[in-house]
Chemist: 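Let me begin by handing over the structure; questions about it come next.
The analysis underlying the following values was restricted to heavy atoms, covering all of them including side chains, and did not include hydrogens, waters or symmetry mates.
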Amino acid sequence: APARKGYSGVQTDEAGRVLSLAGKPDADPARIAGSHLFTGCHIINEALLDRIPGDRPSDMVRDVYRRLAGEGQLGSVIHDGFWWEFGSPALYLQGTKLLLDLPPDERRDIAGHDPVHKLDLGVAAIGTGARFHESARIEGYAALGFASYVSEGARLKDSVVMPEAWIGSCCRLERCIVAPGVELPAGFEMEEALICADPGPGTETPDWALREGGLLLGPLDPASVVS
């Protein structure tokens, strides 16, 4: 996958050999043919395991891969299909939209089927058993997980409703992620938030969240929380 802002690049030469990872070791600029993201998939020769330090905590990139790159022995496979980092709520929403924007044939290649439906005001991926009332409205894009339900008069815009979540009547959600099993009361309104179920009394409130009405509410970007 091509490198992008906010992620350390992996530089390769024309043959696909890795020259450096996150700038180490130093690579001759004239040899760099591309900069990519490391997807986290590894194919490792068994003999390589002997190069992992056994007497201390170690890091595969720092202690093994960078040394192999310096020796010209680290290869790569350049994947030119869809790949996205879903590691934060904001990236999860952005990646959902990218998936929904793909041509149907490409979506079927990824998921084996295409659950995406065009609606009057937007587009939605509707999981097995997911339902929404005829008076509910989806604007922009949405993804409705397995057995989720969107009640009468609710409005969803650019949001994800995870499996078995229940959106109460006349709710208003914009750029939200509703976690599995959450039940939102009628008239609930929220923007730019991750909405989870409160595990109950006796549990600590996470640094990223506010407790409200049996829910944990947090920002899409946890880095925005000031502790």
Side-chain angles (χ1 to χ4, degrees), residues 1 4-7 81-111 113-198 206 208-210 212-225:
R4 64 177 184 263
K5 185 178 180 181
Y7 294 84
F82 181 84
W83 186 89
W84 191 257
E85 166 59 53
F86 288 89
S88 75
L91 286 172
Y92 185 86
L93 267 187
Q94 190 177 1
T96 298
K97 183 178 188 305
L98 289 173
L99 284 169
L100 292 176
D101 286 341
L102 290 175
D105 288 347
E106 291 188 37
R107 289 196 300 261
R108 280 190 288 268
D109 286 342
I110 293 170
H113 67 292
D114 186 14
V116 178
H117 302 265
K118 290 186 177 180
L119 307 174
D120 289 343
L121 300 175
V123 61
I126 302 176
T128 303
R131 297 182 297 128
F132 61 96
H133 193 273
E134 62 182 9
S135 65
R137 292 292 179 267
I138 291 175
E139 300 178 25
Y141 69 92
L144 308 180
F146 165 80
S148 60
Y149 183 66
V150 181
S151 301
E152 65 273 13
R155 300 289 187 271
L156 304 183
K157 183 176 181 180
D158 301 341
S159 295
V160 172
V161 178
M162 290 189 166
E164 299 183 331
W166 179 284
I167 309 302
S169 61
C170 299
C171 285
R172 300 288 188 272
L173 301 178
E174 181 171 348
R175 283 188 54 77
C176 289
I177 299 172
V178 183
V182 168
E183 296 185 12
L184 296 184
F188 182 88
E189 298 186 6
M190 187 60 60
E191 296 182 8
E192 300 278 341
L194 172 63
I195 305 169
C196 302
D198 190 334
W208 53 265
L210 295 175
E212 181 179 309
L215 300 171
L216 292 179
L217 308 175
L220 292 178
D221 182 7
S224 67
V225 176

Chemist: Just verifying a value: how many Å separate Gln94 CD and Leu91 CG, rounded to the nearest 0.5 Å?
Modeler: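 That separation rounds to 6.0 Å.
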
Chemist: Please evaluate residues Leu100 and Lys97 with respect to the criterion side-chain contact (heavy atoms from CB on, under 4.5 Å), reporting the C-alpha separation (whole Å), side-chain torsions for both, the decisive distance (0.1 Å), and the verdict.
Modeler: CA-CA 5 Å; Leu100 292 176; Lys97 183 178 188 305; 5.6 Å; no

Chemist: Find the distance between NZ (Lys157) and CD (Glu139) and round it off to the nearest 0.5 Å.
Modeler: 6.0 Å

Chemist: Measuring from Asp198:CG to Leu216:CG, what's the distance to the nearest 0.5 Å?
Modeler: 4.5 Å

Chemist: Counting C-beta onward and ignoring hydrogens, is there a side-chain heavy-atom pair between Asp158 and Leu93 closer than 4.5 Å?
Modeler: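 SC-SC contact between Asp158 and Leu93 ruled out.
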
Chemist: Are Val123 and Val116 close enough, and set up right, to give a side-chain contact (heavy atoms from CB on, under 4.5 Å), and what steps lead you there?
Modeler: CA-CA 7 Å; Val123 61; Val116 178; 3.1 Å; yes

Chemist: Look only at the side chain of Arg131 and the backbone of Gly129, and say whether a donor-acceptor pair between them is shorter than 3.5 Å.
Modeler: no

Chemist: Could you pull out the closest heavy-atom pair between Arg155 and Ser135, with the gap in Å?
Modeler: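 Smallest interatomic distance, heavy atoms only, reads NH1-O, 3.2 Å.
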
Chemist: At what distance, to the nearest 0.5 angstrom, does SG of Cys171 lie from CD of Glu189?
Modeler: 8.5 Å

Chemist: Does a side-chain heavy-atom distance below 4.5 Å link Leu217 with Ile195?
Modeler: yes

Chemist: What residue pairs, at least two apart or across chains, pass ring-ring contact (aromatic ring centres under 6.0 Å, His included) with a residue in residues 149-188?
Modeler: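 Qualifying pairs, neighbours excluded: Tyr149-Trp166.
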
Chemist: Examine distances only and state if a side-chain atom of Ser148 and a backbone atom of Met162 form a donor-acceptor pair shorter than 3.5 Å.
Modeler: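 The answer is no, because no donor-acceptor pair under 3.5 Å joins these two groups.
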
Chemist: Got Leu194 and Trp208 here, is their nearest side-chain heavy-atom distance under 4.5 Å?
Modeler: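 Yes, close enough: below the 4.5 Å cut-off.
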
Chemist: What pair of heavy atoms forms the shortest contact from Ala197 to Val182, and how long is it?
Modeler: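 So the minimum-distance heavy-atom pair works out to N-CG2, 3.4 Å.
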
Chemist: Provide the closest heavy-atom pair for Ala124 versus Leu119 in the form atom of the first, atom of the second, distance.
Modeler: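 So the two residues come closest at CB-CD1, 3.9 Å.
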
Chemist: Short question: side chain of Arg107, backbone of Leu102 - any donor-acceptor pair under 3.5 Å?
Modeler: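 Checking the backbone N and O of Leu102 against the side chain of Arg107, a donor-acceptor pair under 3.5 Å is found.
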
Chemist: Does a sphere of radius 6.0 Å around CD in Glu152 hold more than 12 heavy atoms from other residues, nucleotides or ligands, not counting ones at 6.0 Å or beyond?
Modeler: yes

Chemist: Minimum heavy-atom separation for Pro219 and Pro89, please, with both atom names.
Modeler: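 Shortest heavy-atom contact: O-CG, 4.4 Å.
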
Chemist: For Leu99 and Phe86, work out which heavy atoms get closest and say how close.
Modeler: CD1-CZ, 4.1 Å

Chemist: Any pair with a residue in residues 115-134 that passes ring-ring contact (aromatic ring centres under 6.0 Å, His included), sequence neighbours left out, goes on the list, sorted by first then second residue, please.
Modeler: none

Chemist: Can you find a heavy atom in the side chain of Val150 that is under 4.5 Å from one in the side chain of Ile138?
Modeler: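 Side-chain contact under 4.5 Å: no.
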
Chemist: Checking the side chain of Ser159 only, and the main-chain atoms of Ala142 only, is there a donor and an acceptor separated by less than 3.5 Å?
Modeler: no

Chemist: Which distance, rounded to the nearest 0.5 Å, do you find between the CG of Leu156 and the CG of Leu121?
Modeler: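 With rounding to 0.5 Å, CG (Leu156) is 12.0 Å from CG (Leu121).
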
Chemist: How many angstroms lie between CD in Glu192 and CD1 in Ile177, if you round to the nearest 0.5 Å?
Modeler: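 Output value for this atom pair is 10.5 Å.
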
Chemist: I'd like to know if the side chain of Trp84 reaches the main chain of Thr96, judged simply by a donor and an acceptor atom lying under 3.5 Å from each other, with no hydrogens or angles considered.
Modeler: no

Chemist: For Ala130 and Gly145, which heavy atoms make the closest approach, and how far apart are they?
Modeler: CB-O, 3.3 Å

